[in-house]
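Down below is the structure, laid out as structure tokens.
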There are 2 protein chains.
Amino acid sequence: MYANVFANVCNLILLFFDMKKEITTLKMLAQNLNLSISTVSRALNDHPDISDDTKIKVKNLAKSMNYIPNIFAKGFRKHKSNIIGIIVPNITHYFTATIVRGILEEASKQGYRVIISESNNDVIKQNEMLNTMIQFGVDGILASLTKMTKDIDNILPIIDTLPFILFDKVSDKIPCTQITINDEEAAFNVVEHLINIGKKRIAIIKEREFSYNSEKRYAGYLKALKEHQIEIDEKIILSVDDISLQHGKRMANILLSIKNRPDAIFAITDSAAVGVIQTLNKFNIKIPEDIAVVGFSNSKYSTIIEPKLTTVDQPGNTIGKTATKYLIKEIENDNTNDIATSKTVEVKTQLIIRESTFKIS
Amino acid sequence: MYANVFANVCNLILLFFDMKKEITTLKMLAQNLNLSISTVSRALNDHPDISDDTKIKVKNLAKSMNYIPNIFAKGFRKHKSNIIGIIVPNITHYFTATIVRGILEEASKQGYRVIISESNNDVIKQNEMLNTMIQFGVDGILASLTKMTKDIDNILPIIDTLPFILFDKVSDKIPCTQITINDEEAAFNVVEHLINIGKKRIAIIKEREFSYNSEKRYAGYLKALKEHQIEIDEKIILSVDDISLQHGKRMANILLSIKNRPDAIFAITDSAAVGVIQTLNKFNIKIPEDIAVVGFSNSKYSTIIEPKLTTVDQPGNTIGKTATKYLIKEIENDNTNDIATSKTVEVKTQLIIRESTFKIS
DNA sequence: TATTTGTACGCAAACGTTTTCGCAAACGTT
DNA sequence: AACGTTTGCGAAAACGTTTGCGTACAAATA
């Protein structure tokens, strides 16, 4: 309160004497030191043409006069904003949020700001956001796609315009560097773990074909079964449009109703797995003795549900950081998506074994 | 793949003919129409001095030439970035994420971008971020404070510099408009609900004094007890530094160990409440018959834990949206935090009754 | 001594937009 | 006819920074 009143009084005084709260510019520094603006600019940017003496003088004065470079003038001149744009489908997902955190950390460490948009899995919105981001002069874009990877026509023109990197929800149809987890290997490990604890009839709840991650995990599932010579039964391979807790419940009911019940259920998402567990609990089916359950993500839910859920930990922080590192490298080398430099980086996951598969004696 | 190859070929051709992929500017539009740059600018900005005829001509050409105003030049000239900064302690909290979503929606609707920073409840970091945001020329700042509201000295100078609004974790020591939930009333309703279902000895697990929200909720707790003439027992009023699931467990153990056990526990956070429930479950204590439990936030956990948790729903989306609305209003009226316009807006919450208090017969 | 090389700095243009001021023509009023 | 007012537009400055080029002086080389 008092502080505000005081500040207002100050403003009045400033107004009275017609003193604008002046922002220090290069010009003012130059005048103060009897140097030219260009010399001051170069001194601050450590240009080799400038002697150490003057560099020190300039920098000291700049500090004492609280000089802040005008970001607009700079960006205007250099066509660089030091802002990177990021697009995610849903920022409220815990895993997504951890990736965002990784991005924020790395970006801020390297002197970049981050502007965020949410696509809500809406392709139209996603494209709008890409465009407005470019309009806003971001130096590069980090994106996690909507599930409908089919619609990539609007993305292809972009990747030749400015640095563009995909993470998490990627697509092999877009030629740019991609940071993702080793979905296939992770799923393989899940299924192998189930086999190792003696399960022989392993169901999977996955998404339909359009989902890149889901297909990869499904591939891992198939590979593990084949490698262990377990026959594949399509009756216990279930696909849903939107993998959620509700659908997890529905699918669990379906699996319970078939004559030859599975002895394990691999839901490719933690929330679906939670739905499965809740349903099994309702019918007093013993987990993991009767049916074991595995999820994917190591979300917070996995330790809250009873029994605690075996799942796959995805290091969101690492994904965010590496994606950002690659993007900034591309920005600063001015490679707008060169095929030669495009990489696919797979970040290691870890199987977290908990009660939903462990209590086998 | 092919698209990329094609684009590369295009670039080669462009290079060969020394055609830079020119970005259309006002100048180019002006030349094309035999008008001055100023007229074109005014036409696009719907300046009254310009005839409708030329406005239409200009706008049409602008569209067909795919004119995008240079954001840097604009910001440079107008000292306006159309970017707002937001600072939150922890973006991975579901409730925080929903607020962020609300902010993103409203901001994008009004033509603003959002840059985000995470303070991780670190006051030093928070101040750094505030400063770099200002450096980056944001038009205003939306902040949710760290828990240590004591350290506000660095914030006071800022609020006179540019529009600044607090949300969720606010502080009445900072004179600016604040958007928050009605913590006190919400807690009051919680406790009254517990009383209504017959509970007479209601414990609370809260944070220490530094936490603004916690103190408000505690005030509501006290008020409800007083109003119903229930005596206050300090032995069942527990404070922790950091309200988490682990501490919820610890506090539950403490409450179970005292001679005169409570018959209800109000944890001022869902995660703590989950810890409480897990502990009660471990000891086979009947919820809610023996001890009822209430949390706060309506997080995802509350429907996953068994029994499902009674809690308070906080409309994050609404908070985010209203905060953004007020901020943009301040930005566009150029009121940098005027006492006269400062408001405290309280968003209504809703008590969600679930099994952890409901099954009383 | 004459020439080259290197060092340290200044001049001025340029980036694209907005905006103040000014001006001419057209119009309206006495 | 003489005067103001309005309408529609242009010229040019300004915002703060970077950068290519020029240059003066000193040092090094021939």
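Residue numbering restarts at 1 for every chain, and letters A, B, ... go by the order of the sequence lines. Any value given below was found using the heavy atoms of this structure, including those in side chains, with hydrogens, waters and symmetry copies removed. Values in this document were obtained by computation on a predicted structure and should not be read as measured data.
Contact footprint of chain A on DNA chain D: nucleotides with an atom under 4.0 Å from a non-hydrogen protein atom, first to last in 5' to 3' order, D:dG16 to D:dG20.
Remark: P of C:dC9 and CG of A:Leu33 are 11 Å apart, rounded to the nearest angstrom. Summarising the geometry, the separation between CZ on A:Arg77 and C1' on C:dA13 is reported as 8 Å, rounded to the nearest angstrom. If you take NZ of A:Lys27 and C1' of C:dG10, they are 16 Å apart, rounded to a whole angstrom. Atom CD1 in B:Ile68 sits roughly 11 Å away from atom P in C:dT17 (whole-Å rounding). Residue B:Asp49 contributes atom CG, which lies 15 Å from atom P of C:dG22 at whole-angstrom precision. The nearest whole Å value for the distance from the CG atom in A:Leu35 to the C1' atom in C:dC9 is 8 Å.
Heavy atoms of A:Thr25 sit under 4.0 angstrom from primed sugar atoms or phosphate atoms, though from no base atom. Residue A:Ile37 is classed as a base contact, given a heavy-atom separation below 4.0 Å to a base. Among the protein residues, B:Ser41 comes within range of the nucleic acid bases, having at least one heavy atom under 4.0 Å from a base atom. A:Asn34 comes within contact range of the sugar-phosphate backbone alone, with a heavy-atom separation under 4.0 Å but no base atom that close. Using a 4.0 Å heavy-atom cutoff across all strands shown, A:Asn70 reaches sugar-phosphate atoms only and no base atom.
Note on A:Ser51: every side-chain N or O is 4.0 Å or more away from OP1 and OP2 of C:dT7. Close to C:dG10, at under 4.0 Å from its OP1 or OP2, lies a side-chain N or O of A:Ser36.
Under the 3.5 Å distance criterion, the side-chain polar atoms of B:Lys80 are left unmatched by any main-chain donor or acceptor of B:Lys74. Panel note: side chain A:Thr322, backbone A:Thr318; a donor-acceptor pair is recorded below 3.5 Å. When atom types are taken as modelled, the side chain of B:Gln110 and the backbone of B:Lys325 share no donor-acceptor pair closer than 3.5 angstrom.
For A:Asn121 and A:Thr146, the side-chain atoms include no donor-acceptor pair closer than 3.5 Å.
Across all strands shown, C:dG10 forms a Watson-Crick or G-U wobble pair, both distances under 3.5 Å, with D:dC21. Remark: C:dC27 base-pairs with D:dG4; criterion is Watson-Crick or G-U wobble with both hydrogen-bond distances under 3.5 Å.
Partners of A:Lys321 by side chain to side chain donor-acceptor pair (under 3.5 Å), not counting sequence neighbours, listed by chain and number: A:Glu105.
The base of C:dT20 lies close enough to the side chain of B:Arg42 for a donor and an acceptor atom to sit less than 3.5 Å apart.
Between B:Asp46 and B:Lys59 a salt bridge is recorded (basic side-chain N to carboxylate O distance below 4.0 Å). Looking at A:Glu128 and A:Lys125, no side-chain N of the basic residue comes within less than 4.0 Å of a carboxylate O on the acidic one, giving no salt bridge.
Each of B:Thr39 and A:Lys78 lies near DNA chain D, and the nucleotide nearest B:Thr39 is the one positioned closer to the 5' end.
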